[in-house]
Amino acid sequence: MAVYLDDVSRTFGEYLLIPGLTTQKCIPSNVSLKTPLVKHAKNKRPAIALNIPFVSAIMQSVSGPELAIELARNGGLSFIYASQPVAAQAGMVRKVKKFKAGFVVSDSNLTPEDTLADVLRTVKKTGHSTIGVTHDGTCNGKLLGLVTSRDYRTERDPMDMKVRDFMTPFAKLIVGQSGISLSEANQILWEHKLNSLPIIDKEQNLVYFVFRKDYDSHRDNPDELSDETKQLLVGAGINTRDYRERVPALVEAGVDVLCIDSSDGYSEWQQETLHWIKATYGDSVPAGAGNVVDSDGFRYLVAAGADFVKVGIGGGSICITREQKGIGRGQATALIDVVRARDEHCRRTGIYIPICSDGGLVHDCHMALALAMGADFLMMGRYFARFDESPTKTLRIGNNYVKEYWGEGSNRAQNWQRYDMGGTESLKFEEGVDSYVPYAGKMKDNLAVTLGKIKATMCSCGTVTLKELQQHAKITTVSSTSIVEGGAHDVILKEQN
């Protein structure tokens with residue numbers, strides 16, 4: 001006979017937080033949203049922690065390099081989508097790692113014998129206007145000069161003009177010596193009003209560049225998620241089919257964390273994948289797994305070696321797994337069950353396994369509820385798909401601006417590996433839809449509003465850290481009538497101009 005659970009499958013919209021005592025310390029500026037990303041010993045610092053509890057979904061229409069860069073600059077982390085060739089995904093990871101490293105290895109280099117046409121091709125290819133001129137055109141050749149957009153005029157100068165005739169020669173450059181600290185390099189930039197500073201070794205070989213814009217960027221983004229070398233952190237999705245080829249390429253590209261992307265993570269395929277990663281790389285390459293919706297699935301993936309566990313099946317706005325297969329669970333109920341298992345595991349073993357809540361977040365208030373219920377961080381697709389930085393085009397439909405948004409289980413994504421059950425290589429039926437989301441503008445502006453709401457909620461609960469919120473939040477279920485009461489009602493709303 002089948003096992004029947006007594007609980008009702010509930011969503012975040014069926015709960016409210018009860019206010020706690022708001023003390024004088026409970027002001028938004030005192031709130032910390034820092035949260036662990038990977039497993040760690042209780043009361044010990046994790047190897048990777050997020051500065052805001054947001055990660056972007058492993059989706060073609062969401063997590064490209066531009067969004068990964070912007071999210072990391074604001075304290076979160078993206079998982080570059082896996083439904084693409086290995087080399088393409090590794091290239092996206094590499095682009096994020098190179099964006100801001102403090103000391104940047106130059107990827108725009110030419111020789112003195114190249115031409116202005118070569119300069120323009122290089123600028124178009126890399127997007128970088130600062131070009132190192134070396135004796136052999138490599139990133140570590142002998143530095144002979146520098147070319148920037150101030151050194152030529154395309155409307156006047158001939159395309160066959162040699163680089164040697166318009167570059168700034170080495171004798172006129174201000175450079176730093178290898179071994180200089182980043183703060184010392186930034187000081188030289190400011191003292192000499194430079195936009196870039198080449199770093200050379202004793203043989204005059206180019207080693208790095210330090211850019212003024214990186215200093216400005218860090219000042220404007222105090223929550224930036226970066227490592228000790230100032231490189232942004234980035235994750236990548238993997239599947240259970242080609243991980244033996246994909247993972248090494250991603251590791252070589254500099255990926256910081258992996259996540260197995262699947263609609264149903266409670267499987268031997270994920271166990272085998274995790275075992276291979278741990279046997280090959282040990283703890284140097286953290287890998288999350290999922291998705292699961294109950295304590296059994298959580299314990300299975302933890303035993304297999306998962307560094308975090310992703311919770312949620314069928315709750316995403318573009319996901320139709322529940323109506324197609326009859327599989328899933330209300331996101332709030334699933335999260336509560338898995339959090340209990342996580343806390344019991346921590347008491348028994350002393351090891352804390354972070355939980356990622358994936359799906360079911362319709363409003364910003366649901367994010368605060370998910371965090372209060374025990375999620376360490378939230379994975380979101382629709383939320384990030386609306387922004388300028390997502391990979392899709394902005395379109396005008398009628399009088400509205402929208403962006404395309406499609407599920408990894410849709411025919412458009414062709415991501416059959418995400419739904420792999422060991423059979424032939426094809427997508428048997430769709431578990432995701434193709435859709436639009438309202439265009440919302442720049443990520444940074446929207447993120448500030450969302451985080452402001454979460455911080456305000458935490459202050460109303462009398463907490464200033466996510467750990468305090470999880471320990472002290474009071475949560476109540478609500479009736480359908482009280483849900484209506486919670487919105488505007490019994491009035492005629494004014495039209496917004």
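One is the number of the first residue; the rest follow in order along the sequence.
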Residue pairs, two or more places apart or on separate chains, that pass ring-ring contact (aromatic ring centres under 6.0 Å, His included) and touch residues 285-304: Tyr266-Tyr300

Validation row: Val402, Tyr439 side chains within 4.5 angstrom (heavy atoms): no

Nearest-0.5 Å distance that lies between atom CZ in Arg386 and atom CE in Met443: 10.5 Å

Check against salt bridge (charged side-chain N to carboxylate O under 4.0 Å, His left out), Arg329 and Asp7: CA-CA 11 Å; Arg329 198 176 194 185; Asp7 59 9; 2.7 Å; yes

Pairwise distance CG(Leu378) to CG(Leu371) - rounded to 0.5 angstrom: 4.5 Å

Ion pair Lys442/Glu389, N-O distance below 4.0 Å: no

From CA spacing to verdict: side chain to side chain contact (heavy atoms under 4.5 Å, CB included), Ile454, Leu33: CA-CA 9 Å; Ile454 292 174; Leu33 296 177; 4.2 Å; yes

Over 12 non-hydrogen atoms of neighbours within 6.0 angstrom of OH in Tyr436: no

N/O donor-acceptor pair under 3.5 Å between Asp445 side chain and Gly441 backbone: no

Nearest atoms (heavy-atom pairs only) where Val338 meets Asp294: CG2-O, 3.6 Å

Closest approach of Lys98 to Asp107 (non-hydrogen atoms, all atoms of both residues): NZ-CB, 4.1 Å

Short N-O contact, Glu344 and Arg340, less than 4.0 angstrom: no

Under 3.5 Å: donor-acceptor pair, side chain of Asn291, backbone of Asp264: no

Whether Ser9 side chain and Gly330 backbone form a donor-acceptor pair below 3.5 Å: yes

Polar side chain donor-acceptor pair, Glu14 to Thr477, under 3.5 angstrom: no

Side-chain donor/acceptor of Glu184 to backbone N/O of Ser181, under 3.5 Å: yes

Chi angles and distances behind the side chain to side chain contact (heavy atoms under 4.5 Å, CB included) call for Lys95, Glu66: CA-CA 9 Å; Lys95 184 174 182 179; Glu66 288 75 20; 2.9 Å; yes

Any donor-acceptor N or O pair under 3.5 Å, side chains Gln270, Thr240: no

Heavy-atom closest pair, residues Pro286 and Val38: CB-CG1, 3.7 Å

Arg246 side chain to Ala82 backbone, donor-acceptor under 3.5 Å: yes

Beyond-backbone contact of Lys467 with Gln471, side-chain heavy atoms, under 4.5 angstrom: yes

Asp337 and Arg342 ion-paired at < 4.0 Å: no

Partners meeting side chain to side chain donor-acceptor pair (under 3.5 Å) with Asp227 (sequence neighbours left out): Thr229

Flag side-chain contact, heavy atom, 4.5 Å: Arg150 against Asn195: yes

Interatomic spacing from OG1 in Thr457 to CE in Met367 - rounded to 0.5 Å: 11.0 Å

Residue Tyr208 excluded, over 12 heavy atoms near OH under 6.0 Å: no

Nearest heavy atoms of Phe54 and Leu71, plus distance in Å: O-CD2, 4.3 Å

Listed once per pair and sorted, the ring-ring contact (aromatic ring centres under 6.0 Å, His included) pairs that draw on residues 353-385, sequence neighbours left out: Phe308-Phe377, His363-His366, Tyr383-Phe387

Test item: Lys310 and Cys259 side chains (from C-beta on) under 4.5 Å apart, heavy atoms: yes

Worked verdict on Glu404 versus Ser61 for side-chain hydrogen bond (donor to acceptor under 3.5 Å, both in side chains): CA-CA 7 Å; Glu404 293 181 296; Ser61 55; over 6 Å; no

Any side-chain donor near an acceptor of the partner, Ser56 and Ser63, under 3.5 Å: yes

More than 12 heavy atoms of other groups within 6.0 Å of Asp296 CG: yes

Side chain to side chain donor-acceptor pair (under 3.5 Å) partners of residues 27-47, not counting sequence neighbours, each pair once: Lys34-Asn51

Inter- and intrachain pairs under ring-ring contact (aromatic ring centres under 6.0 Å, His included), touching residues 444-464, at least two apart: none

Ser183 backbone acceptor or donor facing Gln187 side chain under 3.5 Å: no

Atom pair CG (Leu369) and CG (Leu335), whose distance is rounded to the nearest 0.5 Å: 10.5 Å

Exercise: identify the closest heavy-atom pair between Pro28 and Lys455: O-CD, 3.7 Å

N-O pairing of Asp388 and Lys403 below 4.0 Å: no

With Phe12 via ring-ring contact (aromatic ring centres under 6.0 Å, His included) - residues at least two apart: none

Between CE on residue Met458 and CD1 on residue Ile27, distance to nearest 0.5 Å: 13.0 Å

Minimal non-hydrogen separation, Val234 against Ala68, with atom names: CG2-CB, 4.2 Å

Lys444 vs Arg73 side-chain heavy atoms within contact, under 4.5 Å: no

Side chains of Ser108 and Thr126, donor plus acceptor under 3.5 Å: yes

Spacing of Leu274 atom CG and Ile238 atom CD1 [to the nearest 0.5 Å]: 7.5 Å

Donor-acceptor pair, side chain of Ser284 and main chain of Tyr281, under 3.5 angstrom: yes

Side-chain heavy atoms of Leu395 within contact of Tyr401, under 4.5 Å: no

Minimum side-chain heavy-atom gap Tyr15-Val478 below 4.5 Å: no

Check: Val257 and Leu77 side chains under 4.5 Å, non-hydrogen atoms: yes

Side chain to side chain contact (heavy atoms under 4.5 Å, CB included) between Asp376 and Leu466, worked out: CA-CA 8 Å; Asp376 295 282; Leu466 293 178; over 6 Å; no

Side chain to side chain contact (heavy atoms under 4.5 Å, CB included) assessment of Leu189 paired with Asn186: CA-CA 5 Å; Leu189 286 171; Asn186 283 325; 3.7 Å; yes

